[in-house]
Amino acid sequence: SAVVVDVHEPSFVQYGMEVWIMQCTNRVAKDRCGVADPRRRPYWRPSQEDLNPGNPEHFQAIMASREAMYRIINNADGVCNIDSDPGFCPGSPLSDYVKVLQGCRSLLDKHNVHGKQAKLVNWMLWGWGRKDHFDAQGLQEHQFLTLRSLKQGLREPFWLLCWQAEWLPMCRDAGVIERTLLFPYGVIEAEPSYPATNVDVGKLRELFELRVAKTPEIDGVMGNVQSPLLQFPHVYYFTAAMCDAKYRNRSEKDVLLDLSGHLYPEHRQLLADCFLALKAPDHAYVQSLADDLDGLVQQDKLGRLGIFGRKLFPDHRIVAQALVLQMKFRAARERLAQVLTAPTPAAECRRLLQDYFDAYLDWDMAHGWHGLWGWDAWPMGLPAKAAERLADSLGDRPAVNACFEELSQSLAARHDKKAVDVGCLAPAKVAVLALARVVSLAQKATATASVSADPTRYAPSAANDGRIATLYWPGALVQDNTEWLQLAWDQPQTFDKVVVRFLGHPSMCGRTIHLQRETEPGKWEDFAATRIAMDAAAQRAVATFQLPSPVTFGKIRIVNLLDVFEVEVY
């Protein structure tokens, strides 16, 4: 589906703007991705296969697709062809890549109203035909060979869209630097990335100072953005710095004041402070600003609209609304990170977590990110150290489970149940349970071992410290062995079950683990053994010894070791 744009209306021409069609080399749509309306169609689906231009039938399909597009959108100023991602063809020679561009050139000459003046642009990204798609090693050399092939096989003039600033010297050497645009993909906003307003003008300033200013011959600079209504701070600075070298030195605070004046001029200081607060650590300060801006949004009192504010749709408040939601999430996250200590009462843990997940879900439901990617693709995390502090505060695994069950019920009263359980609680609960205390007789014992490869970081005591996340490492024992881990109590203990949680290494499949007792000083014998049956891809290999009747010993040994996360004795 195509939209015809009259690029020669005064609004385009008087500002020197151009419209390019961006296309991939060898991807041709073969279905509608299950969505008839192109406005709602997923932009990336593997069902759209990558063709091989070395195959005559595939090459004709590529050309037929491009001709159909060029015939309809016949007044575009240029066509920019990405060399990969999407569109890979591992092992395909550069001659086939040039052949595709030659075909595009001929079709533009035939159908575009600009004829031979229509630009054909080579987008230098991950390189055509490379077997290791995203391996940076050798990429610059590959792009050098690509440039040489284009110079030899493609009619000039052609243009370049250069991803890496480090490649600009070879564009100069190839004699095309004045027809080269720098496109530092991802500096405004990484793609794909979870929607969030970025405020780091310093990073963008560095790009212009170190890269753009030192290559004044380039034709221009280009940026990309996936969520433009969220990225006003970066987009505004980027475009201003492109047009005015002096603006590159403007401070971040002044940039945000300028931008805010173009959005909601009557409240430019508040809006600028709110943008800066997205980096502020003081949760009370962030919450206070969010409440102030939220009051204006709710009462529709943002006042006179600036040049950007007047263009916002479907509601002129949308930028302020998004900023409020993100600030509330920021405040809740900082509050959880700072107020949560060890120990914190369980009720307070639940309250902090509920505020955190509430704010997150309000924000997430507003932009609908997971409607595209699904909840499993972008799981919700916890602030640094929060999982450890929650584990210390809540106690054992049953207490952790109880806390998250209460959260599930309370959050589901306001939000979608799947979003609550899958998107928020499941990954957080896993993180906390990994650090939750294990309470058994093993935690009362002293642990020693026959070998300790790194006693400072991975001591035997880590195997019975009550934390599944900590590790005792006996060394690279990936085959059956006679090394042992010993638990010794001050007084003999009675038990009938032992659980040993090992690293889930493939060598554990089928390995037999032994429990031994001391029959006389220095002499040990088996009193139980178990063979591990596990999925080779599992994270843990678990050896469970269920004894037929209780036994009483003052010390035991576990024999045939690999990395041990925890031992439990009941």
Side-chain angles (χ1 to χ4, degrees), residues 1-29 38 43 62-87 97-98 100-125 128 146-147 150-151 153-163 167-168 171 174-185 188 212 215-226 228 235 238-244 311:
S1 178
V3 177
V4 180
V5 179
D6 188 348
V7 299
H8 302 293
E9 285 295 317
S11 59
F12 284 91
V13 175
Q14 72 187 44
Y15 294 113
M17 296 176 67
E18 294 185 1
V19 175
W20 292 358
I21 301 169
M22 313 299 277
Q23 66 178 33
C24 61
T25 306
N26 60 330
R27 182 164 289 189
V28 175
Y43 71 90
I62 295 170
M63 290 297 102
S65 172
R66 303 302 177 256
E67 183 168 23
M69 179 167 59
Y70 298 168
R71 184 186 293 115
I72 296 173
I73 313 176
N74 67 346
N75 57 351
D77 293 289
V79 167
C80 181
N81 187 88
I82 190 170
D83 63 17
S84 54
D85 193 23
Y97 183 67
V98 174
V100 170
L101 293 185
Q102 289 171 336
C104 293
R105 178 72 268 172
S106 296
L107 291 172
L108 285 173
D109 293 350
K110 179 180 179 181
H111 295 293
N112 192 279
V113 296
H114 304 295
K116 297 182 185 300
Q117 300 305 311
K119 293 180 179 178
L120 182 61
V121 188
N122 171 50
W123 184 347
M124 306 166 64
L125 196 65
W128 174 260
T146 302
L147 275 181
L150 293 176
K151 291 281 289 183
L154 190 61
R155 191 196 79 210
E156 294 203 36
F158 60 84
W159 276 255
L160 298 176
L161 204 56
C162 181
W163 173 32
W167 300 345
L168 291 175
C171 297
V176 291
I177 190 65
E178 293 181 350
R179 301 196 303 273
T180 298
L181 287 90
L182 178 62
F183 188 7
Y185 203 86
I188 294 175
V212 179
T215 319
E217 316 99 299
I218 59 175
D219 191 38
V221 187
M222 184 181 290
N224 66 292
V225 60
Q226 68 171 15
V235 171
F238 192 93
T239 52
M242 283 196 309
C243 301
D244 182 359
K311 303 293 184 180

Tell me every residue that passes side-chain hydrogen bond (donor to acceptor under 3.5 Å, both in side chains) with W20, counting only those two or more places apart in sequence or in another chain. E18
Taken to the nearest 0.5 Å, the spacing of E178 CD from D219 CG works out to 9.0 Å
Rounded to the nearest 0.5 Å, how far apart are OG1 of T180 and CH2 of W167? 12.0 Å
Could you work out, with side-chain contact (heavy atoms from CB on, under 4.5 Å) as the rule, every residue matching S84, not counting sequence neighbours? F88, L125, W126
Taking only distance into account, with no hydrogens and no angle test, what donor-acceptor pairs under 3.5 Å do side-chain atoms of residues 154-162 form with protein atoms, sequence neighbours excluded?
{"unit_1": "R155", "atom_1": "NH1", "unit_2": "D109", "atom_2": "OD2", "d": "2.8"}
{"unit_1": "E156", "atom_1": "OE1", "unit_2": "R179", "atom_2": "NH2", "d": "2.6"}
{"unit_1": "E156", "atom_1": "OE2", "unit_2": "K151", "atom_2": "NZ", "d": "2.9"}

What pairs with V235 under side-chain contact (heavy atoms from CB on, under 4.5 Å), at least two apart in sequence or on another chain? I188, V225, Q231, T239
I62 versus V28, closest heavy-atom pair with distance: CA-CG2, 3.9 Å
Close side-chain approach of N112 to Y70, heavy-atom, < 4.5 Å: no
Would you give the length of the straight line joining atom CG of L101 to atom CG of L150, rounded to the nearest 0.5 angstrom? 6.0 Å
Given 3.5 Å as the limit, does a donor-acceptor pair link the side chain of Q102 with the main chain of G153, or not? yes
Would you compute the distance between atom CG of D77 and atom NE2 of H114 and round it to the nearest 0.5 angstrom? 4.5 Å
Side chains of H111 and I72: closer than 4.5 Å at any heavy-atom pair? no
Show the nearest heavy-atom pair for residues V79 and L108, with the distance to one decimal. CG2-CD2, 3.7 Å
Can you sort out the partners of A29 under side-chain contact (heavy atoms from CB on, under 4.5 Å), two or more places apart, ordered by chain and number? Q48
Can you tell me how far CZ of R105 sits from CG of N81, rounded to the nearest 0.5 angstrom? 12.5 Å
Crowded around Q117 CD? As in, over 12 foreign heavy atoms under 6.0 Å? no
Do the side chains of M69 and I21 get nearer than 4.5 Å, heavy atoms only? yes
Looking at side-chain heavy atoms only, is the closest gap between D85 and W123 below 4.5 Å? no
Qualifying residues under side-chain hydrogen bond (donor to acceptor under 3.5 Å, both in side chains), relative to D83, sequence neighbours excluded: Q143
Tell me the closest heavy-atom pair linking C104 and R66, and the distance in Å. SG-CG, 4.4 Å
CG/L107 to CG/N74 distance, rounded to the nearest 0.5 angstrom? 13.0 Å
Minimum side-chain heavy-atom gap V100-N26 below 4.5 Å: no
May I ask you to test the M22-I82 pair for a side-chain heavy-atom distance under 4.5 Å? no
